[in-house]
Student: 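Supplied in structure tokens, the structure appears directly below.
As a basis for the values below, the full set of heavy atoms in this structure was taken, side chains included, without hydrogen atoms, waters or symmetry mates.
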Amino acid sequence: MRILILGAAGQVGFELVRSLSGMGEIVAADRIVDTSLGVDLALDIGDLATLKSRLIELAPAVIINAAAYTAVDLAEDETEIANRINHLALVELGAAARQLGALVVHYSTDYVFAGGDQSPLREDHATGPVSVYGASKLAGERALADSGCAHLLLRTAWVYAARGKNFLLTMLRAAAVRDELSVVDDQIGCPTTARFLADTTASMVRRWLAGPADQRAALHGPCHVVCGGQVSWCGFARAIIEQACELGLLPRVTPVRAIRTGEYPAKAPRPAYSVLDTRRLTATFEITPPAWRTGLRQTLLELAQARQALTGAGFEVKRC
Ligand SMILES: NC(=O)c1ccc[n+]([C@@H]2O[C@H](COP(=O)([O-])OP(=O)(O)OC[C@H]3O[C@@H](n4cnc5c(N)ncnc54)[C@H](OP(=O)(O)O)[C@@H]3O)[C@@H](O)[C@H]2O)c1
């Protein structure tokens, strides 16, 4: 069985290659080939004129689309390219999958919601994106559903990993060189590891393949996949720094000052509250997400072990 992973050099794509290895013949594609990241095929999903024919030529049984335009602030100015990659590519991808009879796994975001709520959001909660990025991802969700192809749609949030561009690595870098950080405390969400997302994807695909064909349509539609609990960016930053200090990744606990969104101007608005309810994931796929603190610990341990391997030095857990 051929499994095509799109966006394989990204945070989630990179973990997917690890999580799905052994399930079939993995073809890892991204915009450019990068063998150091395991990417062996160049495939630009924004090239709409050729996307469908390239996919049909490759004839995968499963297409996992972790490629996306993820620059949330830049998207406010680059509307056309965000829409092409996050929305229009899904029209072509869905059409190709339908013709091939392939399963598509696709990722969407908590940014499809407006953020004015106070309790975890179910999959059928009214959407209302407040940014170009959120609107383009919602349009992509709809295009995939409208294509009529077999699909699993995972909505996730606040994704980070031990590599890539993410909040965790930004905080570690900033805390290492600054005496104090200021981080917004009035946006609440669910920090989610790319590793959990990739492992969950593998379990969901296995269940899809093993289940009766006539019951597969019941698995269509969004499914929320995030780590458990909720926290503000400020609370997350404090936890990152405390745990990183315990693991010797930082020399000291840099204080984090809580600020309001208005004090940190960003081009794109973000939902104030976007905690996703994961009951569908548990009821349908029998997966209970780990607490976000557990995911954080695992990711920092991975970083500490990588550093240990590089320097040859040991690390010990200390009280900071
Ligand atoms: N990161 C989050 O916090 C977050 C939250 C909610 C949902 N999600 C969703 O989760 C999925 C994975 O996100 P991620 O964090 O892994 O993103 P990421 O780290 O930005 O990875 C995306 C990958 O897609 C590639 N890509 C971009 N445009 C492409 C194109 N035209 N053709 C082929 N590849 C292209 C990127 O390459 P370049 O680097 O060269 O552009 C990158 O390797 C996305 O659907 C995203 O919307 C992410």
Student: Main chain of Thr50, side chain of Ser53: is a donor-acceptor contact present, judged purely on distance under 3.5 Å?
Tutor: yes
Student: Any side-chain donor paired with an acceptor under 3.5 Å for Thr192 and Tyr160?
Tutor: no
Student: Quick one: side chains of residues 57-66, donor-acceptor pairs under 3.5 Å with protein atoms, not counting sequence neighbours, listed by atom name and distance.
Tutor:
unit_1, atom_1, unit_2, atom_2, d
Asn65, OD1, Ala67, N, 3.2
Asn65, ND2, His106, ND1, 3.1

Student: Search all heavy atoms of Trp292 against all heavy atoms of Pro191 and return the closest pair with its distance.
Tutor: CB-O, 3.5 Å
Student: So which pairs with a foot in residues 203-213 pass side chain to side chain donor-acceptor pair (under 3.5 Å), sequence neighbours left out?
Tutor: Arg207-Glu286
Student: Looking at Asp199 and Arg18, is there a salt bridge between them, counting it only when a charged N and a carboxylate O are closer than 4.0 Å?
Tutor: no
Student: Should we count CG of Asp179 as having more than 12 external heavy atoms under 6.0 Å?
Tutor: no
Student: So, Thr254 side chain and Ala175 main chain: donor-acceptor pair closer than 3.5 Å or not?
Tutor: yes
Student: Is any side-chain heavy atom of Met171 closer than 4.5 Å to a side-chain heavy atom of Val183?
Tutor: yes
Student: Counting only heavy atoms not in Arg122, do more than 12 sit closer than 6.0 Å to its CZ atom?
Tutor: yes
Student: In terms of side-chain geometry, is the basic nitrogen of Arg2 or Glu25 positioned less than 4.0 Å from the acidic oxygen of its partner?
Tutor: yes
Student: Does Ala266 have any side-chain contact (heavy atoms from CB on, under 4.5 Å) partners at least two apart in sequence or in another chain, and if so, which?
Tutor: Asp73, Arg270
Student: The criterion is ring-ring contact (aromatic ring centres under 6.0 Å, His included); which residues satisfy it with Trp233, sequence neighbours excluded?
Tutor: Trp158, Phe167
Student: Below 4.0 angstrom, N of the basic side chain to O of the carboxylate: do Arg84 and Glu92 qualify?
Tutor: no
Student: Report yes if the side chains of Leu300 and Glu246 come closer than 4.5 Å at any heavy-atom pair, otherwise no.
Tutor: no
Student: Tell me every residue that passes side-chain contact (heavy atoms from CB on, under 4.5 Å) with Ala114, counting only those two or more places apart in sequence or in another chain.
Tutor: Val130
Student: Any sub-3.5 Å donor-acceptor pair from Ser232's side-chain atoms to Gly235's backbone N or O?
Tutor: yes
Student: Residues in ring-ring contact (aromatic ring centres under 6.0 Å, His included) with His125, at least two apart?
Tutor: Phe113
Student: In terms of heavy-atom contacts, does CD1 of Ile32 have more than 12 from other residues, nucleotides or ligands at under 6.0 Å?
Tutor: no
Student: Output yes when a side-chain donor or acceptor of Thr294 lies under 3.5 Å from a complementary backbone atom of Pro290, and no otherwise.
Tutor: no
Student: Begin with the C-alpha distance, continue with both residues' side-chain angles, and end with the deciding distance and a verdict on side-chain contact (heavy atoms from CB on, under 4.5 Å) for Leu51 and Arg54.
Tutor: CA-CA 5 Å; Leu51 180 57; Arg54 294 251 358 237; 5.5 Å; no
Student: Quick one: list whatever passes side-chain contact (heavy atoms from CB on, under 4.5 Å) with Ala95, sequence neighbours left out.
Tutor: Lys52
Student: Is Asp44 paired with Arg31 through a side-chain N to carboxylate O contact shorter than 4.0 Å?
Tutor: no
Student: Only counting residues at least two apart or in another chain, list the ones meeting ring-ring contact (aromatic ring centres under 6.0 Å, His included) with His151.
Tutor: His220
Student: Which residues pass the side-chain hydrogen bond (donor to acceptor under 3.5 Å, both in side chains) test with Gln118, not counting sequence neighbours?
Tutor: none
Student: Please check if the side chain of Glu76 supplies one atom and the backbone of Val132 the other of a donor-acceptor pair under 3.5 Å.
Tutor: yes
Student: Tell me every residue that passes side-chain hydrogen bond (donor to acceptor under 3.5 Å, both in side chains) with Glu78, counting only those two or more places apart in sequence or in another chain.
Tutor: Tyr69
Student: Quick one, Thr127 and Arg142 - any side-chain contact, counting heavy atoms below 4.5 Å?
Tutor: yes
Student: Taking side-chain contact (heavy atoms from CB on, under 4.5 Å) as the definition, give me every residue that meets it alongside Ala194, ordered by chain and number, with sequence neighbours left out.
Tutor: Gln11, Val12, Glu15, Val159, Ala161
Student: For Ala9, is there any backbone N or O sitting under 3.5 Å from a side-chain donor or acceptor partner on Asp30?
Tutor: yes
Student: Tell me the ring pair (Phe, Tyr, Trp, His ring centres under 6.0 Å) pairs involving residues 30-55, sequence neighbours left out?
Tutor: none
Student: When you check the side-chain N and O atoms of Gln230 and Tyr273, is any donor under 3.5 Å from an acceptor?
Tutor: yes
